[in-house]
Amino acid sequence: MKLRSKDILGLDHLEPDEITLILDMARDMKKIVQSNMKRVNYLQGRSVVTLFYENSTRTRVSFELAAKYMGAHAVNVSVSTSSVAKGESLIDTGKTLDVMGTDIVIMRHSQPGAPHLLARNINASVINGGDGMHEHPTQALLDMFTMREAKGGFEGLKVAIIGDIMHSRVARSNMIGLGKMGAKVCIFAPTTLIPPGIEKMGCTICQSLEEAIDGADVVMGLRIQKERLKKALIPSTEEYARFFGVDVRHLAGAKKDVLVMHPGPVNRGVEMTSLLIDSDQSKITEQVTNGVAVRMALLYLLAGREEN
Amino acid sequence: MKLLIKNGTIITGDRTEANKDILIEDGKICRIGEGITDTADQVIDANGLAVIPGLVDAHCHLRDPGYEYKEDIRTGTMSAAKGGFTSVACMPNTNPVIDNESIVRTVIAKARREAVINVYPIGAITKGQQGAELAEMGSMKVAGIVAVSDDGKPVMQASVMKKALIYAAGFGLTVISHCEDLDLAEGGSMNEGETCTRLGLHGIPSAAEDVMVAREIILSEYTGMPVHIAHVSTKGAVELIRQAKKRGVPVTAETCPHYFTLTEKACEGYDTNTKMNPPLRTQEDVDAVIQGLSDGAIDIIATDHAPHHFDEKNVEFELAANGIVGFETALPLALTYLVKPGILTLNQVVSKMSAMPARILKIDKGDIRVGADADLAIVNLEEEYVINPDEFLSKSKNSPFKGFKVSGRVKYTICGGKIVYQDK
């Protein structure tokens, strides 16, 4: 089986059998990441470019290592040093990379839909490394990988996502992907950070932290950004922490083997307490390892699409 | 120069007369009857075709001066003529802004040289459309404007709008208000709601329109001066206008074809040709706009023809320019989406696209009668076709209606007794 599209734009575009294929492949890749010989030649002769219009450390490094572990040429394009700063259009930048022989472009962009625009206009595969508030498919896939690894599957899982749902591409991608795989997503957030119509994406809006976490298999926190204060969405991070911050004591109603997750970077003491972040239930560092494995799987599967 | 139109069905806002001949001489309709046998320089056989008053558009952007790479007076009016329009009122958000007598005269002079139909400039409400000081409305009226508007931008200060209504009325000018509370809109790029949330775009709540419509109605009621609400797109706005009319507030309103044909769902896939301001709304809003057209809460259909260059649309959704071209799709969309399902009669659509906008602009257009200017469109109401923007005469092709199957094709457009468009 192969991926149907040349691009990974979002969970919206992936069918359940494709998600399973990616997660199965990532299981094998994880062995390479954890071995002492992190070098295979699956992508030998291929070139991968990370094109990041927004700052990122973990996603960009994760992709770069994933490409390098498999023998690809990996190049980073950062906005400040490129012609983007000179006002070149996204399509022109993409076409330039295309004709240099790039096989896969990984792009992060503040504009929702930007990877879709790029993908329509270039021959190389495009992986969405996060587009505005829209989707962050590789993060959701690594989250799903982490859940499946610990829980064995998705059917009937309850995943509680707590935090800034409105601005979170991670929440959107997880909702779509988990919904497709048979899990149930419950959300809890300050009412100003619940975007209108979000329930139509298949989640349940909870009225309290207790309700969201009750019987949960996974509790996922989301980063809250200080800029939300200026937009009059929340009054202070202190008030946020008081009513929406998750602590070990909140896990009382959750499943015994509940997983605590966060896409990072975490504001300790705001979204989650340090006690929780560093607890045995926490999968937050494991998620990072899995991120490399999932990205290796995606690069491998995209590169292999053309071959027979 | 004599032109004779034979055996057409005359359809105006208030009457239908089958099998009529219309004799045109020196740009005027000089006789309407049956079996006219006068010799004419040209005879058009309109058998099986509808002869309607040349359409009047109260809201379009000709982009001239300043943005001729999007459209100019020549191509804009050719595009309008192809759509059956013979009179268009163009918005002042040009470069420079049409905010003084000299620019009005420049536009009118250029239109006299290059336009194929009648062009009526709309002047700005405030200098530079900055929303602060009133533009010289009186002098612009002398030069030929038919209304004032800061379209594209709202007049955010209520005190300025209040005084604009009063001052404009003193010169017999109607204020056309672009209703958008910028604070509530927060720089969004599509309707706030389910689709927007799914696409991760910044939303514009329908409340941003409703709040401003409510303000204009209150100011109009308070001052007793007329206001015309541009491009109504929300259920809330329709209801506010309906209630205001019941109270006798001198408010009129327009909507555009995209607000009774498309919903926010069209934005899925980030097609920038579905991006306009106000944005496409929900099915509930579309239903309310249709109801408003039907019960008279909404007086007229305008195009909001807003041409943009391909490069301005071939970008990220939130960075793309707002607006779509509309001249060449307005009539067929109204016929297909309003007349065909029986929501409006043919006469009502013709009225809302000719006589009524002419009344709002206070121009003597929109009727077929002896002595009137010979501004006519001859339409095959039955002809079905698929919309193809590549065939547009407009310089710009930014339309979300590509591939839509419609019925009703303009065969001839006659302006001042001259054939200005003929379908091949």
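By convention in this document, chain letters (A, B, ...) are assigned in the order of the sequence lines, proteins followed by strands, and residues within each chain are numbered from 1. Keep in mind that this is a model prediction, so the values were computed, not measured.
- Heavy atoms closer than 4.5 Å to chain B are found in the side chain of A:R172, but not in its backbone.
- Residue contact with chain B, scored on non-hydrogen atoms closer than 4.5 Å, is absent for A:H167.
- Under the 4.0 Å criterion applied to side-chain N and carboxylate O atoms, B:E71 and B:K395 are not assigned as salt-bridge partners.
- For B:H231 and B:H178, the ring centers sit closer than 6.0 Å to each other.
- With ring centers used as reference points, A:H13 lies under 6.0 Å from A:H116.
- When all heavy atoms of B:M156 and B:D183 are compared, the pair lying nearest together is CE-OD2, 3.9 Å.
- Both the backbone and the side chain of B:N314 come within less than 4.5 Å of a heavy atom in chain A.
- You'll find the ring centres of B:Y69 and B:H308 outside the 6.0 Å limit.
- Counting heavy-atom pairs closer than 4.5 Å to chain B, the top-ranked of the candidates A:P112, A:S110, A:G113, A:S168 is A:P112.
- Proximity to chain B is limited to the side chain of A:I91, based on heavy atoms less than 4.5 angstrom apart.
- Proximity to chain B is absent for every atom of A:D12, based on heavy atoms less than 4.5 angstrom apart.
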